[in-house]
Amino acid sequence: MNKRIILAIFLLAIYFILNNSQDACAQTMAGEYLLELGKTSFKQGDLESAKAEFNKVLLILPNNKEANAYLKLISVKKNESISQRKIAIADELNNSEEKFQKTQVPSKGDKTPKAKDFASSQKDKTVKPNPQQPSEEKTPEASDFMPPAEKGAWTIPKGKLYLEVYSKYFWHERYFDDKKHKKMWENSGRYHEKRIEFKFEYGITNKLTALAYLPYVQATWKDDAFNGATVPSGHHFRNRGLADYWLGFKYNLFENPFVFTIMIRTKVPGNYNPNNQPAALGHRQVDEELRLMFGKSFKFFLPMYSKFETGYRWRMDHPNRNDVPADQVPYFFELGISPLNWLVLKTTLDGVQGIRSTGKETLTWKFNDDGQGNWQQVAIGTDESYTKWTTGFVFKLKGFNIETSYGKTFRGKNTSAAKEMILSLSYLF
């Protein structure tokens with residue numbers, strides 16, 4: 001009888017021991033699995049999810065040192081930036097792994113399943129990355145350096161509006177004749193122009209951009225001409241209004257290894273009288289232009305970008321004009337360097353090359369300075385060519401770009417030898 005009682009007590013003891021050991025094993029496996037889930041969320045930067053998983057670990061395994069270490073790290077790192085947090089996470093992971101390996105060394109005969117083995121068998125329960133959390137934070141050096149103003153080959157993102165208010169003060173007292181010689185205007189003539197241009201670019205798609213450039217111009221001409229008297233009375237003309245404006249589209253073909261875009265645009269006559277002087281607002285004549293645009297952003301010691309454009313401009317005839325303007329080949333180059341995050345230094349070469357064979361020459365009377373006071377009739381070509389150099393600064397302030405620059409026309413034909421000061425403000429909405 002005593003033996004039966006002892007046997008029964010022994011069997012009950014074995015049952016409870018086995019039952020408790022199975023529960024402990026299950027708790028250990030679950031705790032290890034939750035710990036791995038917390039680590040995964042932690043590495044991805046999802047601190048809230050990681051905190052919840054580590055708290056679950058402590059409910060099962062209250063003395064788990066690794067979960068406690070991660071929870072302390074989360075409480076400290078919440079107020080730091082993502083880049084600082086990543087460095088701290090890497091350090092803490094290394095330290096925690098080393099501590100965990102020292103304190104949790106299994107015995108040689110330990111065959112208990114590891115947490116990583118259990119997690120790999122539960123593929124359907126793998127934690128998915130948080131779509132709201134960026135997988136990688138781009139630094140200014142890693143991201144593409146975009147031109148801060150007048151994007152050129154770079155199209156505008158879908159649904160975005162680029163607006164630039166461009167102002168220019170333009171003046172000259174000399175011109176380039178049809179032999180490309182620089183001369184003073186007759187009777188000490190001088191020209192001044194104030195221009196305000198509104199430049200709009202809208203992203204229809206990420207590759208297709210619509211554009212409109214609308215200029216308002218105030219032009220003034222003065223000289224010291226004689227009007228049949230011994231004292232010069234001179235001329236003083238002023239003209240103002242909406243000048244010829246441009247409408248068109250840009251389409252991006254590809255972006256690697258460089259940005260390549262095609263632009264098609266039309267010059268439309270503004271609301272002005274073409275007979276008013278000076279005739280800087282236009283001659284109510286239409287131009288059509290096809291332009292190939294190239295762009296590249298890169299880093300060579302400093303963030304930089306370059307732009308290059310060329311194409312063909314067809315200049316249409318107008319029934320009220322005797323002359324036919326010659327077609328032109330436009331070209332443009334720009335280089336920008338950013339020594340500071342808020343500053344860009346830029347320089348440009350901008351010009352056109354007239355094609356004389358496409359225009360129609362006009363006859364005019366010209367005074368022959370041969371000492372006899374004779375006039376002669378000469379043919380004047382309608383092909384215009386020039387090359388203008390501009391350099392300046394762009395200041396990047398809270399999303400706005402402010403540009404100030406100076407330009408000068410240093411070569412040309414049948415055009416003015418002008419100088420200009422530019423101030424513009426741009427923003428991407």
Side-chain angles (χ1 to χ4, degrees), residues 150 152 162-172 175-176 191-202 209-221 237-250 263-291 293 309-332 348 350-355 358-360 362 380-388 390 407 409 412-416 418 420 422 424:
E150 202 162 6
Y162 171 80
L163 171 62
E164 180 178 348
V165 181
Y166 174 93
S167 62
K168 179 171 72 173
Y169 180 65
F170 176 94
W171 75 96
H172 56 80
Y175 71 100
F176 295 98
Y191 175 85
H192 299 269
E193 176 182 300
K194 298 176 182 178
R195 172 182 291 256
I196 297 179
E197 188 167 352
F198 297 90
K199 300 182 179 182
F200 301 90
E201 295 190 14
Y202 178 76
T209 295
L211 60 90
Y213 299 163
L214 311 176
Y216 180 85
V217 174
Q218 176 180 302
T220 304
W221 169 267
F237 302 110
R238 177 176 293 176
N239 195 4
R240 67 179 70 182
L242 180 63
D244 294 341
Y245 55 93
W246 291 93
L247 302 175
F249 296 92
K250 295 192 298 185
M263 179 174 70
I264 300 175
R265 63 177 185 170
T266 301
K267 188 190 77 175
V268 182
N271 185 19
Y272 57 84
N273 186 342
N275 297 319
N276 290 345
Q277 295 297 325
L281 274 64
H283 299 281
R284 303 203 65 79
Q285 167 262 331
V286 176
D287 290 351
E288 299 285 350
E289 183 178 282
L290 171 65
R291 188 174 290 215
M293 315 175 81
E309 303 172 11
T310 188
Y312 196 88
R313 183 180 299 167
W314 293 268
R315 312 199 69 194
M316 307 303 177
D317 191 9
H318 192 279
N320 295 330
R321 294 187 61 182
N322 294 325
D323 61 332
V324 178
D327 293 347
Q328 296 172 334
V329 175
Y331 53 89
F332 177 85
T348 66
D350 185 11
V352 297
Q353 179 63 45
I355 304 177
T358 60
K360 179 181 178 182
T362 59
I380 301 297
T382 59
D383 56 316
E384 178 186 7
S385 301
Y386 66 83
T387 304
K388 177 177 64 177
T390 305
T409 303
K413 177 182 179 182
N414 293 327
T415 192
S416 59
E420 59 188 46
I422 298 170
S424 73

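We're numbering straight along the sequence, starting at 1. What you see is a predicted model; the values in this text were computed from it and never measured. Basis for what follows: all heavy atoms, side chains included, without hydrogens, waters or symmetry-related copies.
Taking each heavy atom of Gly354 and Ser385 in turn, the nearest pair found is N-OG, 2.9 Å. Residues Ser424 and Tyr166 approach most closely at CB-CA, 3.9 Å, considering heavy atoms. Closest approach of Asp287 to Arg313, counting heavy atoms only: OD2-CD, 3.8 Å. Residues Leu242 and Tyr272 approach most closely at O-CD2, 3.4 Å, considering heavy atoms. Between Ala219 and Tyr191, the shortest heavy-atom contact is CB-OH, 3.3 Å.
If you take OG1 on Thr390 and CD on Glu420, they are separated by 5.0 Å, rounding to the nearest 0.5 Å. Rounded to the nearest 0.5 Å, atoms OG (Ser167) and CD1 (Ile422) are 8.5 Å apart. We find the CG-CD1 distance between Leu247 and Ile264 to be 13.5 Å, quoted to the nearest 0.5 Å. Note that OG1 of Thr209 and CZ of Phe200 are 15.0 Å apart. Values are rounded to the nearest 0.5 Å. To the nearest 0.5 Å, atoms CG (Asn239) and CD (Glu193) are separated by 10.0 Å. One finds the NZ atom of Lys199 at 6.0 Å from the OH atom of Tyr213 (value rounded to the nearest 0.5 Å).
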For Glu384 and Gln328: C-alpha separation, side-chain torsions, deciding distance, then whether side-chain contact (heavy atoms from CB on, under 4.5 Å) applies.
CA-CA 8 Å; Glu384 178 186 7; Gln328 296 172 334; 3.9 Å; yes
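Residues Val165 and Phe198 form a side-chain contact, since some pair of their non-hydrogen atoms from C-beta on lies under 4.5 Å apart.
With sequence neighbours excluded, the residues forming a salt bridge (Lys or Arg N to Asp or Glu O under 4.0 Å) with Asp244 are Lys267, listed by chain and number. Remark: Arg291 engages Glu289, Glu309 in a salt bridge (Lys or Arg N to Asp or Glu O under 4.0 Å) (not counting sequence neighbours). Scored by the ring pair (Phe, Tyr, Trp, His ring centres under 6.0 Å) test, Tyr175 finds Trp185 as partners (sequence neighbours excluded). Annotation: side-chain contact (heavy atoms from CB on, under 4.5 Å) contacts of Ala326 (sequence neighbours excluded): Thr358, Thr382, Asp383. Residues passing the side-chain hydrogen bond (donor to acceptor under 3.5 Å, both in side chains) test with Asp327 are Tyr312, sequence neighbours excluded. Applying the side-chain hydrogen bond (donor to acceptor under 3.5 Å, both in side chains) rule to Thr348 yields no partners; only residues at least two apart in sequence or on another chain are considered.
In the displayed structure, Lys194 atom NZ is contacted under 6.0 Å by at most 12 heavy atoms of other residues, nucleotides or ligands. More than 12 heavy atoms of other residues, nucleotides or ligands lie within 6.0 Å of CG in Leu290, so this atom counts as buried by the packing criterion. Residue Leu163 qualifies as enclosed at atom CG: its count of foreign heavy atoms under 6.0 Å is above 12.
Cation-pi geometry between Lys413 and Phe176 is not met: the NZ or CZ atom fails to fall both under 6.0 Å from the ring centre and inside 45° of the normal.
In this pair, Tyr169 and His192 present their aromatic rings parallel. The plane angle is below 30°, not in the 30 to 60° band.
In the model, Tyr386 has no side-chain atom that pairs as donor or acceptor with a side-chain atom of Ser416 under 3.5 Å.
Checked for salt-bridge contact, Lys250 and Glu201 meet the test: a charged N lies under 4.0 Å from a carboxylate O.
Between the side chain of Arg284 and the backbone N or O of Asn271, no donor-acceptor pair lies under 3.5 Å. Side-chain atoms of Thr387 do not come within 3.5 Å of backbone N or O of Gly351 as any donor-acceptor pair.
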